[in-house]
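Worth knowing before you read on, the calculation uses all heavy atoms, side chains too, and leaves out hydrogens, waters and symmetry mates. Bear in mind the structure is a predicted one, so any value in this text is a computation, not a measurement.
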There are 2 protein chains.
Amino acid sequence: MIERQRGVALWRQIADRIRSAIAEGAYDGEGKLPPELVLAEGFGVNRHTVRAAIAALQQEGIVQAVQGRGTLVRRRDKYDFPISRRTRFTEGLGDQVRDIEGLLLNAATESANAECAKWLDVPVGTPLKRLEVLRRADGRALSRSTLWFPLEHRTEKWEPGFGKIRRENNEPERFSAIDDAFRQTGSITAALARCGVPDYLRQCTEISAVHAEPQDVADLGLTPGAIVLVAKALNTDLQSVPIQFAVTRFPADRVQFTIRSDGLS
Amino acid sequence: MIERQRGVALWRQIADRIRSAIAEGAYDGEGKLPPELVLAEGFGVNRHTVRAAIAALQQEGIVQAVQGRGTLVRRRDKYDFPISRRTRFTEGLGDQVRDIEGLLLNAATESANAECAKWLDVPVGTPLKRLEVLRRADGRALSRSTLWFPLEHRTEKWEPGFGKIRRENNEPERFSAIDDAFRQTGSITAALARCGVPDYLRQCTEISAVHAEPQDVADLGLTPGAIVLVAKALNTDLQSVPIQFAVTRFPADRVQFTIRSDGLS
DNA sequence: CGCGATTTGTTCGTATGTATC
DNA sequence: GGATACATACGAACAAATCGC
């Protein structure tokens, strides 16, 4: 029995429930959904309402209704995205995908806003390189990232007199060509390597969840009302100097995160 | 300008957007929302539609409309739940809450299903103690956890002949009284200490997001259609023997996770 | 092959909710 | 507040495709 609520159509709630059930493997045995009438009775709604839900899922490509046969499910597992000190996008997915591609949607130079400044530990207004990246796995949109790189590279210097670390600007424009590097390689790791960062570490990751915005609907091929996992991450070089702040939006029905704390202090 | 979409009422989408904006601190300066007419124009909708959205937010207690003054926002920050090798529920929230309480909703003994067996590394059917825990912070429901503890304690023994670790059952019923211990202390850490586990480590955490189920709506005081963050976690003792598997559901509009990878190998 | 049982697809009508003006 | 247009949900009936016997 499903509860009536204002503001969200019944068929959408039912579609969400069926989608979850499929993701959890509830219909792996049969390979298809129960008949519309059974579902309708189960949810306590009219068959038309269930049909509307199934139509939406069919639009998403999750199920396929065939007259006389039933509604066949196309089970698609969630990708598991591991988060660790050495998080790498492509490597992390590993065996889970055959083909992965990274598309550069947009690149620009802009001034650091308050949030970017806080994460990258630079003053507000510092020039940053911004990249917008869409990642697809086996043809399906997997994530949309916005990445910021500080253009003014700052190396750390030890000041014995002050007893603390001081930072000085040098190597300006360190990441000015990272958009081209990414365009050619399709990988952030490879692009960073071309910009003189052979290795980097994931310092901090913040995970939250929101409803899909129109932009997500368009970029990730979601349905309105879908859930988006938002990961904000800071990567640093081996000297703990911030080199990249990224906000990545994942479709929650295709991705989950795993944090293995094996070596964490 | 907001896009029309099927299945979700315009006023609900607008309510979601305003709620997010408040959470991000967009109105911290003014302390109140823009006038309804301004909002309506901004979203490209009728004023009545914005009023419906504000009425819903008022129902949630997020804003308060006052005739002649405007719509006052009651900013409520998200709690940040840090995940590390030493994740502790209460300690993790730290200064963010004044008062935190843990209620034992239910406790029972049951057999391990496939998922619990996989996480706890025990055979399916192994007797487990199950606890259902609701946590409130400053009066607001913060999470609902289901925790499983293996009743048969297994210690590791090194078998030189086989060259691998063997486990033997001993100390059965190790956690048989953990429900009473939790009832008295309101803390898992304290309850585990009473059961002879002075310290434990977070081995692995899996994070996903789903729509709120009727159970969540009831337990966590959510609105239907809200988002729930689901964390599945494995805790082990210092010898890496699994002692607890937990599935915790958090309201996504009140909680976010932070993974600091500082000491991770 | 036909037949019936099952299951999806379609078309009416009606009532209610949503959104605009 | 009232009028209007559209989306949502229900109910009943019938049509069309698939499957097993």
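Listed nucleotides D/dA9, C/dT8, C/dT11 differ in distance to A/L10; the shortest reach to its side chain belongs to D/dA9. For B/H48, the side-chain atoms get nearest to D/dG1 when compared with the rest of C/dA19, D/dC10, D/dG1.
Following rounding to the nearest Å, A/L39 (CG) and C/dT8 (C1') show an atom-to-atom distance of 12 Å. The interatomic distance linking B/R12 (CZ) with C/dG17 (P) rounds to 15 Å, in whole Å. In this structure, CG of A/L72 is placed 17 Å from P of D/dA17, rounded to the nearest angstrom. Atom CH2 of A/W11 is separated from atom C1' of D/dA7 by 10 Å (rounded to the nearest Å). Put simply, CG on A/N46 is 17 Å from C1' on C/dG17, counting in whole angstrom units. We find that CD of A/Q64 is positioned 16 Å from P of D/dA17, with the value rounded to whole Å. Rounded to whole angstrom, the span from the CD atom of A/E36 across to the P atom of D/dA16 amounts to 17 Å. For the pair A/R47 CZ and C/dG9 P, the computed distance is 8 Å after rounding to whole Å.
Residue A/R69 places at least one side-chain N or O under 4.0 Å from the OP1 or OP2 atom of D/dC19. Checking the phosphate oxygens (OP1, OP2) of C/dT8, a side-chain nitrogen or oxygen of A/T71 falls inside 4.0 Å.
Toward the 5′ end of DNA chain C lies the nearest nucleotide of A/P34, the other residue of the pair B/A52 and A/P34 mapping further downstream. Map A/T49 and A/Q67 each onto its nearest nucleotide of DNA chain D; the residue landing nearer the 5' end is A/T49.
A cation-pi contact, defined as under 6.0 Å to the ring centre and within 45° of the axis, links B/R135 to B/F89.
The backbone N or O of A/Y27 sits nowhere less than 3.5 Å from a side-chain atom of A/E30 that would complete a donor-acceptor pair. No donor-acceptor distance shorter than 3.5 angstrom exists from the side chain of B/E206 to the backbone of A/Q256, with no hydrogens or angles considered.
Taking the side chain as every heavy atom from C-beta outward, A/V255 and A/S143 never approach each other to under 4.5 Å.
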Mind running ring-ring contact (aromatic ring centres under 6.0 Å, His included) on B/F257 and B/F250 for me, showing each step along the way?
CA-CA 10 Å; B/F257 299 110; B/F250 299 84; 5.2 Å; yes
